[in-house]
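In this chain, numbering begins with 1 at the start of the sequence shown. As the structure lists them, so they are numbered: ligands from 1, and atoms in each ligand from 1.
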Amino acid sequence: MKKERVTLTLLKTLGSCRRRFHKTPNVAATHRHQTTMEEQQLHSDRYSFNPTLKWNPEVHNYFAKAYGVERFSRISIALTRPSRYSCIRVNTMRSTTDAVVEKLRAILKESSSGSGDVSENGANGNLALVESEDGDSNPLRGDCIGAGAVSKCQIPGMEYVVFVWGSGPRHINYGYAPDLPPPKEVIVSRKCAEAVLRGAQAYVPGVMACSAHVEKGDTVAVSVAVEQKGVDGGWGIGMTRGTVLQGSQADPYYFERNGLYIGQGTAMMSRAGLFRVPEGVGVEMKNRVYELHSFHNVLEGEIFLQNLPSIVAAHALDPQKGERILDMCAAPGGKTTAIAILMKDEGEIIATDRSHNKVLDIQKRANEMGLSCIKTFKLDALKSVSRGNHTNASIGPSSCDANNGMANKVSDSSNVQGEGILSIIEDRLKTEVMEENGNGEKANGKVYLSKADIRKSMRRARNGPGRNQSLGGRVDGSKGFSPNSFDRVLLDAPCSALGLRPRLFAGEETVESLRNHGKYQRRMFDQAVQLARPGGVIVYSTCTINPGENEALVRYALDKYKYLSLAPQHPRLGGPGLVGSCEFPNGYLEEWLRPGEENLVQRFDPSSPLDTIGFFIAKFVVGSKDG
Ligand SMILES: C[S@@+](CC[C@H](N)C(=O)[O-])C[C@H]1O[C@@H](n2cnc3c(N)ncnc32)[C@H](O)[C@@H]1O
């Protein structure tokens with residue numbers, strides 16, 4: 001609605017501007033001046049980054065009730081922006097934090113001297129990029145100033161975590177002037193834009209449209225096509241890949257892209273090349289709205305790029321040397337490896353995931369990091385408790401030939417969450433096709449899919465690209481584990497992922513799909529409860545802001561299993577949970593926490609000064625199961 005109003009105002013203003021040109025010369029001169037100023041204002045609004053997150057209206061109402069209108073509005077804005085720092089966990093089994101800090105500083109210095117857009121900050125020996133427009137009052141910063149600076153985390157026990165500070169949002173001059181031809185442009189898909197905002201380049205599969213006559217080396221303004229509501233009520237991108245942009249209002253998504261410019265870059269190939277070659281960098285970003293360093297393939301095995309709340313979740317589990325720990329939905333292994341390092345690689349971590357290829361990904365991570373206490377299995381978390389005689393973990397390899405040689409980029413699980421519910425996947429896939437570009441990032445493509453495509457994509461989303469397209473490697477299957485056989489269980493559940501940042505569209509989730517995520521998570525939690533021994537611990541976490549998958553799960557757990565109780569967590573960086581309940585128009589009552597429970601969970605609010613993703617952690621202690 002808001003965008004439509006903006007569009008109308010823009011049209012009206014431009015329309016009235018045009019009419020003014022036809023008046024007498026003197027009046028026209030005055031008005032031309034005004035027009036130019038108005039147009040400049042309109043264009044500086046246009047060539048900016050100020051996205052509005054679209055929600056399903058019922059979901060919007062539900063969240064607005066849960067958080068209050070203002071807080072939800074702040075959260076919605078924060079979700080569209082990336083965190084202004086990269087959080088790096090050091091593999092202390094392989095390196096020291098100081099050594100990593102030195103190496104990162106050297107890498108940043110080298111990359112900045114290559115690009116020429118970073119200057120030395122003599123005061124602390126760090127690097128200072130262009131300052132961001134708004135202040136950054138992140139308490140994690142301490143006295144570490146300047147974008148490009150590297151600092152060690154000051155939280156006791158988390159000194160092995162390193163932050164690399166970025167900046168944004170920055171104002172970018174796209175070279176618009178009323179009397180000049182419009183800047184050359186490239187439109188990228190939403191997923192591509194989200195990756196670019198996190199520091200990636202714009203890869204070819206993500207490029208959707210481009211101005212005519214773009215040649216290699218041209219400077220282009222990069223904007224994003226975000227899903228719009230179609231006439232059938234569904235969301236989609238009504239644009240064919242390869243569309244030619246004229247720089248006029250007749251361009252597809254011209255008005256919809258107001259305030260959706262993510263930076264300026266250099267075309268790495270001509271327009272024809274951009275739509276002909278299958279992979280590679282299409283636009284090398286030179287001037288970004290958010291300046292964040294990409295640590296892709298940097299210091300492999302020594303560091304792991306991980307969101308701060310995920311590291312906190314591993315700490316909340318409080319794993320001890322020699323214990324037996326289950327990580328139920330473990331791929332790609334971020335928390336598994338964090339737990340292993342906290343245990344100094346002594347003990348046993350069983351890391352399971354439903355997808356064969358994702359299990360390979362955990363193995364790859366563990367091998368890279370030199371961790372030997374991690375055992376991986378392909379297992380559906382809904383069948384984690386063994387039935388009958390199958391009490392041991394492994395039923396032997398569900399493997400693929402290590403040399404079958406089919407190269408495959410293992411998918412980034414953070415992009416595909418909550419894929420357990422087929423109806424949800426089907427809904428999503430109707431509006432979205434995942435393409436993988438050369439960097440393993442995913443991009444939205446066109447909208448129309450046959451039923452066979454949908455079925456194939458559903459299988460892919462559920463299970464990864466499939467064994468025949470695997471990198472190769474052995475994956476053991478499992479029939480599940482004996483009840484009470486683990487000291488601690490982590491259930492980092494597949495979820496709606498509505499806390500991940502940056503996110504430029506949120507309209508795909510409905511109240512019903514959100515509720516389905518909750519049902520799925522409860523079934524998984526039922527398994528976790530059986531597997532944790534009396535006296536043991538269960539940590540439940542999600543990367544969503546949806547109370548139905550967070551506080552409502554806690555309520556379910558505490559009401560159903562009287563021997564569970566919430567336990568305090570260390571460290572405690574997140575805010576309190578939501579107390580109360582929400583009644584839906586159909587009479588369904590969703591109950592959250594009761595007074596006194598709110599400070600026993602951690603809720604990471606993306607709009608808080610910590611500037612993290614939206615995340616939730618609950619820690620349960622298992623009491624005696626007798627009686
Ligand atoms: C939030 S991600 C886990 C991230 C991981 N804990 C980490 O920190 O790297 C959720 C994972 O659950 C897996 N998953 C979804 N449904 C599952 C099921 N029924 N059984 C086992 N794993 C499942 C997905 O494959 C995905 O890898």
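- At least one N or O atom of Tyr520 sits closer than 3.5 Å to an N or O atom of ligand 1.
- Summarising the contacts of atom 5 (C) of ligand 1 with Ala497, Ser541, Ala331, the nearest heavy atom is found in Ala331.
- Atoms of ligand 1 found under 4.0 Å from any heavy atom of Asp380 (numbered from 1 in listed order, with element): 18 (C), 19 (N), 20 (N).
- A side chain to side chain contact (heavy atoms under 4.5 Å, CB included) with Ile303 holds for exactly one of Val100, Val162, Thr97, Asn91; it is Val100.
- Ligand 1 lies within reach of Leu379, whose nearest heavy atom is under 4.0 Å from it.
- The salt bridge (charged side-chain N to carboxylate O under 4.0 Å, His left out) search around Lys103 returns Glu302, not counting sequence neighbours.
- With a heavy-atom cut-off of 4.0 Å, Ala381 touches ligand 1 through backbone and side chain alike.
- In Lys358, the part holding a heavy atom less than 4.0 Å from any atom of ligand 1 is the side chain.
- The residue from Glu509, Glu549, His517 that alone fulfils the side chain to side chain contact (heavy atoms under 4.5 Å, CB included) condition with Leu498 is Glu509.
- In Phe304, neither the side chain nor the backbone holds a heavy atom less than 4.0 Å from any atom of ligand 1.
- Close N/O approach between Gln306 and ligand 1 is not found [any backbone or side-chain N/O within under 3.5 Å].
- By the 30° and 60° cut-offs, the orientation of the rings of Phe616 relative to Tyr540 is perpendicular.
- Between Leu531 and Ser384, the closest heavy-atom pair is CD1-CB, 3.5 Å.
- Aromatic ring orientation, Phe63 versus Tyr67: perpendicular (interplanar angle above 60°, classes split at 30° and 60°).
- Between Phe295 and His293, the ring centre distance stays below 6.0 Å.
- Considering both main-chain and side-chain atoms, Gly334 comes within under 3.5 Å of ligand 1 through a nitrogen or oxygen pair.
- Assignment of Ala330 to the shell around ligand 1 is supported, since a heavy atom sits closer than 4.0 Å.
- Among residues at least two apart or in separate chains, ring pair (Phe, Tyr, Trp, His ring centres under 6.0 Å) pairs with a member in residues 308-332 are Tyr160-His315.
- A ring-centre distance under 6.0 Å is found for Phe481 and Phe486.
- Among the atoms of Cys329, some N or O lies under 3.5 angstrom from an N or O of ligand 1.
- By the criterion of a heavy-atom distance under 4.0 Å, neither the backbone nor the side chain of Ser310 is placed next to ligand 1.
- The atoms of ligand 1 that sit less than 4.0 Å from any heavy atom of Met524 are 16 (N), 17 (C), 18 (C), 19 (N).
- Of the candidates Asp353, Ile362, Asp492, Thr337, Asp492 brings a heavy atom nearest to atom 6 (N) of ligand 1.
- Ring orientation note: the planes of Trp55 and Phe72 are tilted relative to one another, at an angle of 30° to 60°.
- The shortest N/O to N/O separation between Pro494 and ligand 1 does not fall below 3.5 Å.
- Polar contact with ligand 1: absent for Thr352 (N/O pair, distance under 3.5 Å).
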